[in-house]
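Have a look at the structure below, then the notes.
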Amino acid sequence: MERQSEGILAFIVLSFLHGVLASAAVEVKPSINPAVVGDTVTLSLSPATSIKSGSWAIGESQILTWLGEQQAVFPSHSGRASVNVLTGALTLSSVKVSDSGVYIVQGTDPQLKANTSITVLEAVSNVTLKATETSLTEFNSSAVITCSVSSGSSLSLLWINGSSEVTAGDRVQLTDGNSTLTITNVTRYDQGPFKCHVFNLVSNETSDSVNFTITYGPDNMALTVNGQNTTSFSVGSNLTMLCSAQSNPPAKLQWAFRGALVNTTGPLWELFSVSKEQSGPYSCLAFNNHTNINSTITTNILISKSPGSGVNMWLLPLLLLVRIHS
């Protein structure tokens, strides 16, 4: 009787140790992880193990059980879950985002227990941008763009201006999970193109671009005479004055002389065979009728007789000799 008890005890201990060792040695490996909604995922045991009976669960919820060749699938996974009764591998078809979680296999013959986590994500599709207004005025308007998707889960979002990433700053706000971009007091450098790049672990997509028309200026004016920096010219010279201003839309340009408007508009003013009386301040006036901003640049031009118009000093001794001998 004593020997029989010892034998039973030894069998129980060996069975327990076998179960512990089996549990420690077995891993569950998903065929896909992360998976896309609609995929088929198989959770296999590694190394391959023959399990005569056991169960699969996700968290606390049972998926199925099996004994020999018989298996019973719980209603939550009816039609979507099955087990290989020889290897214990679980196959899930048409997976959903809600199928994400910790999967636990528990064998009763032999005894083992193992688990793994899988993530099911919805692929990103149809990324679109919408701007509240695309015609803006520099320093007086805010740009607001919203990025949206038709589908996708566990999304990350990146804003791009041209080839550079847009990050939050003094004038830049990213709200609603980064899906809304707001730029306050826009400048001429905020025209775009802006794009929204949305991604998760299984997919990514970039929106079409949005551009802003930003009115600004006139400013940063420049005025050149004959393409030179000098403002002194000889009587009889021809002068070509060129005026420019940074402005959107292009500024209307008007010329003035000594503070009085002249009948010349546009970036070019030409004067031919100038006289001394034409010395004085020349101004170019710029006006943007969208921003209602005026800007002016002035240059003072001096017209004088050329050195060649009088008697050269080196000729005076020669003239004196001619007068003495005459």
Side-chain angles (χ1 to χ4, degrees), residues 131 133-143 145 160-167 169-172 182-195 209-309:
E133 180 64 51
T134 56
S135 296
L136 308 172
T137 302
E138 187 173 44
F139 306 129
N140 289 321
S141 302
S142 294
I145 323 173
I160 302 168
N161 180 7
S163 59
S164 301
E165 180 182 352
V166 179
T167 56
D170 293 337
R171 296 188 303 110
V172 179
T182 303
I183 304 175
T184 59
N185 299 322
V186 294
T187 73
R188 65 197 68 183
Y189 307 107
D190 297 323
Q191 298 182 73
F194 288 92
K195 294 181 180 181
S209 60
V210 164
N211 290 274
F212 293 101
T213 299
I214 299 176
T215 57
Y216 58 85
D219 53 27
N220 296 322
M221 296 188 69
L223 197 164
T224 59
V225 184
N226 289 358
Q228 304 173 14
N229 291 325
T230 182
T231 56
S232 297
F233 300 93
S234 302
V235 170
S237 298
N238 296 330
L239 303 185
T240 299
M241 288 176 281
L242 184 64
C243 177
S244 64
Q246 292 184 7
S247 178
N248 185 44
K252 295 180 178 180
L253 301 177
Q254 172 75 53
W255 291 90
F257 176 54
R258 293 177 181 167
L261 295 177
V262 298
N263 192 27
T264 302
T265 59
L268 194 68
W269 187 9
E270 293 181 300
L271 300 175
F272 301 98
S273 190
V274 294
S275 62
K276 290 179 61 178
E277 289 73 22
Q278 290 175 287
S279 295
Y282 287 79
S283 300
C284 175
L285 293 77
F287 175 68
N288 184 326
N289 58 9
H290 282 72
T291 62
N292 290 320
I293 294 176
N294 294 285
S295 189
T296 303
I297 188 170
T298 300
T299 187
N300 283 286
I301 295 177
L302 176 64
I303 311 296
S304 60
K305 290 184 177 181
S306 62
S309 62

Under 3.5 Å, side chain of [X] to main-chain N/O of [Y], donor-acceptor pair present?
{"X": "Gln228", "Y": "Val225", "result": "no"}
{"X": "Arg171", "Y": "Thr184", "result": "yes"}
{"X": "Asn140", "Y": "Asn185", "result": "no"}
{"X": "Asn288", "Y": "Thr291", "result": "yes"}
{"X": "Thr240", "Y": "Glu270", "result": "no"}
{"X": "Asn229", "Y": "Thr224", "result": "no"}
{"X": "Glu133", "Y": "Ser141", "result": "no"}
{"X": "Arg258", "Y": "Tyr282", "result": "no"}
{"X": "Trp269", "Y": "Cys284", "result": "no"}

Nearest 0.5 Å, please: how far is [atom2] in [Y] from [atom1] in [X]?
{"X": "Gln278", "Y": "Phe257", "atom1": "CD", "atom2": "CZ", "result": "6.5 Å"}
{"X": "Asp190", "Y": "Asn161", "atom1": "CG", "atom2": "CG", "result": "7.0 Å"}
{"X": "Ser237", "Y": "Phe272", "atom1": "OG", "atom2": "CZ", "result": "12.5 Å"}

The residue among Ile160, Asn211, Val166 that forms side chain to side chain contact (heavy atoms under 4.5 Å, CB included) with Phe194 is Val166
Specify the closest pair of heavy atoms between Gly217 and Glu138, including all atoms of both residues, with the distance to one decimal. N-OE1, 4.3 Å
Quick one, Cys243 and Trp255 - any side-chain contact, counting heavy atoms below 4.5 Å? yes
Asn300, CG: over 12 other non-hydrogen atoms inside 6.0 angstrom: yes
Inspect the surroundings of CG in Asn289 and state if more than 12 heavy atoms from other residues, nucleotides or ligands are less than 6.0 Å away. yes
Test item: side-chain donor near acceptor, Thr215 and Asn248, under 3.5 Å: no
Could you tell me if Glu277 and Ser275 have a donor-acceptor pair between their side chains, going purely by distance under 3.5 Å? yes
